[in-house]
Amino acid sequence: MNQDRTAGTLRRLPVQKRSAERFERLLDACAELLDEVGYAALTTKEVARRAEVPIGTLYQFFSDREGLIGALAARNLESFLERVSDRLEREAPDGIAGIVDVTVDEFVAMRRTITGFGVVDFGVAGQDYILEPALDNNTAVAGRLRSLTASLTGVQDNAELEIAVRVALECADSVLKLAFRTDPQGDPQLIAECKRVLNGYLNDRLR
């Protein structure tokens, strides 16, 4: 078995309003603690204490710490896709360049402003299957971005688009990690270079 595959699972989703509020408080507390103590020192006990939720309630939702992290990563991904979709619908940018600008800008904005996002964006180092058990994190994210790209550009959603979006995502992931490693707010020159690389590659592949 792949040793990177997480054992964490989401046991159940909240149904009632009170349960939903506790669920969100747990994720918010998890994000806060990630910024304060990091992933390695994070414990479910401290998350429950910070959220003012009984530890037993935490385990009603999450099987373990990795399940909690997976739920936070999934929430981050849904928020990111919603932000990108809303902005693209509102601004209707022209062509691949406009889509790239919005997508990169929204990721950078979340990295700068969303609690815990710098530690867990859509996954965490060492837990490569935290979003979906059968797909590594980047493949899962690429699948969602592929569907969005196809709907916005009219490009056929096929194997060619799948590989193009996956390669673009891997490039963006590497360059943006470098940008934030160089500068806590994201090195502007490297962010611009990320867009340049994506535009050149995707315009060539998707024309």
Side-chain angles (χ1 to χ4, degrees), residues 1-14 18-83 104 106-142 144 169-170 172-187 190-191 194:
M1 180 180 290
N2 189 318
Q3 293 302 305
D4 286 334
R5 192 177 299 275
T6 179
T9 58
L10 180 63
R11 282 185 163 151
R12 70 177 180 89
L13 286 168
R18 184 184 180 195
S19 293
E21 289 172 348
R22 286 183 166 186
F23 185 88
E24 292 300 323
R25 287 214 311 271
L26 286 164
L27 294 185
D28 291 342
C30 178
E32 291 172 4
L33 286 165
L34 285 169
D35 271 353
E36 293 173 17
V37 305
Y39 174 70
L42 184 78
T43 66
T44 53
K45 181 179 179 180
E46 184 59 22
V47 170
R49 189 200 66 78
R50 175 69 63 92
E52 299 181 339
V53 169
I55 189 69
T57 299
L58 183 149
Y59 284 117
Q60 287 178 12
F61 297 124
F62 312 105
S63 60
D64 51 23
R65 184 181 70 155
E66 280 64 45
L68 179 64
I69 292 295
L72 179 62
R75 185 175 76 169
N76 286 340
L77 178 57
E78 293 304 322
S79 177
F80 170 69
L81 292 170
E82 183 177 340
R83 289 170 64 130
V104 172
E106 288 304 317
F107 180 88
V108 169
M110 289 184 72
R111 178 66 188 265
R112 288 171 175 167
T113 62
I114 301 299
T115 304
F117 196 79
V119 183
V120 173
D121 44 30
F122 314 131
V124 65
Q127 298 292 342
D128 289 342
Y129 292 79
I130 209 158
L131 286 170
E132 296 185 27
L135 299 174
D136 68 85
N137 298 332
N138 277 1
T139 299
V141 175
R144 299 292 299 278
L169 178 64
E170 292 292 343
D173 188 36
S174 295
V175 178
L176 290 175
K177 280 179 179 175
L178 176 61
F180 281 93
R181 191 162 64 243
T182 304
D183 180 342
Q185 289 298 306
D187 183 281
L190 288 171
I191 292 169
C194 177

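Values below: every heavy atom of this structure, side chains too, minus hydrogens, waters and symmetry copies.
- One finds the CD1 atom of Ile130 at 12.5 Å from the CG atom of Asp136 (value rounded to the nearest 0.5 Å).
- The minimum heavy-atom distance between Asp35 and Gly116, with the atom names listed, is OD2-N, 3.0 Å.
- Scanning both residues, Met110 and Ser79, for their nearest heavy atoms gives CE-OG, 3.8 Å.
- Figure legend: cation-pi geometry between Arg65 and Tyr39, with NZ or CZ positioned under 6.0 Å from the six-membered ring centre and within 45° of its axis.
- The residues Asp28 and Arg75 are annotated as salt-bridged, a charged nitrogen and a carboxylate oxygen being separated by less than 4.0 angstrom.
- Of all the heavy atoms in Leu26 and Ala48, the pair that sits closest is CD2-CA, 4.1 Å.
- Of all heavy-atom pairs between Val120 and Ala73, the closest is CG1-CB, 4.0 Å.
- Across Asn138, Leu131, Asn137, a single residue satisfies side chain to side chain contact (heavy atoms under 4.5 Å, CB included) together with Phe122, and that is Leu131.
- Expressed to the nearest 0.5 Å, how far CD1 of Ile55 lies from CD of Glu46 amounts to 10.0 Å.
- Counting only heavy atoms from C-beta outward, the side chains of Glu78 and Glu82 never approach each other to under 4.5 Å.
- Residue Asp64 holds its CG atom at 7.5 Å from OH of Tyr59, rounded to the nearest 0.5 Å.
- Closest of all the heavy-atom pairs between Cys30 and Leu42 is SG-CD2, 3.8 Å.
- No salt bridge links Glu132 with Arg144; every basic N to acidic carboxylate O contact stays at or beyond 4.0 Å.
- Side-chain contact between Leu176 and Phe107 is present, with heavy atoms from C-beta onward closer than 4.5 Å.
- Once rounded to the nearest 0.5 Å, the distance linking OG1 of Thr139 with CG of Leu169 reads 8.5 Å.
- Contact of the Glu36 side chain with the Arg50 side chain is registered, since non-hydrogen atoms from C-beta on lie closer than 4.5 Å.
- Here Phe61 contributes atom CZ and Leu68 contributes atom CG; the two are 11.5 Å apart, rounded to the nearest 0.5 Å.
- Atom CD1 of Ile114 and atom CZ of Arg83 lie 5.5 Å apart (nearest 0.5 Å).
- Evaluated for a side chain to side chain contact (heavy atoms under 4.5 Å, CB included) with Leu34, the options Ile69, Val47, Thr115, Val124 yield exactly one hit, Ile69.
- For the pair Phe80/Val141, no side-chain contact is recorded, criterion being any heavy-atom separation below 4.5 Å from C-beta on.
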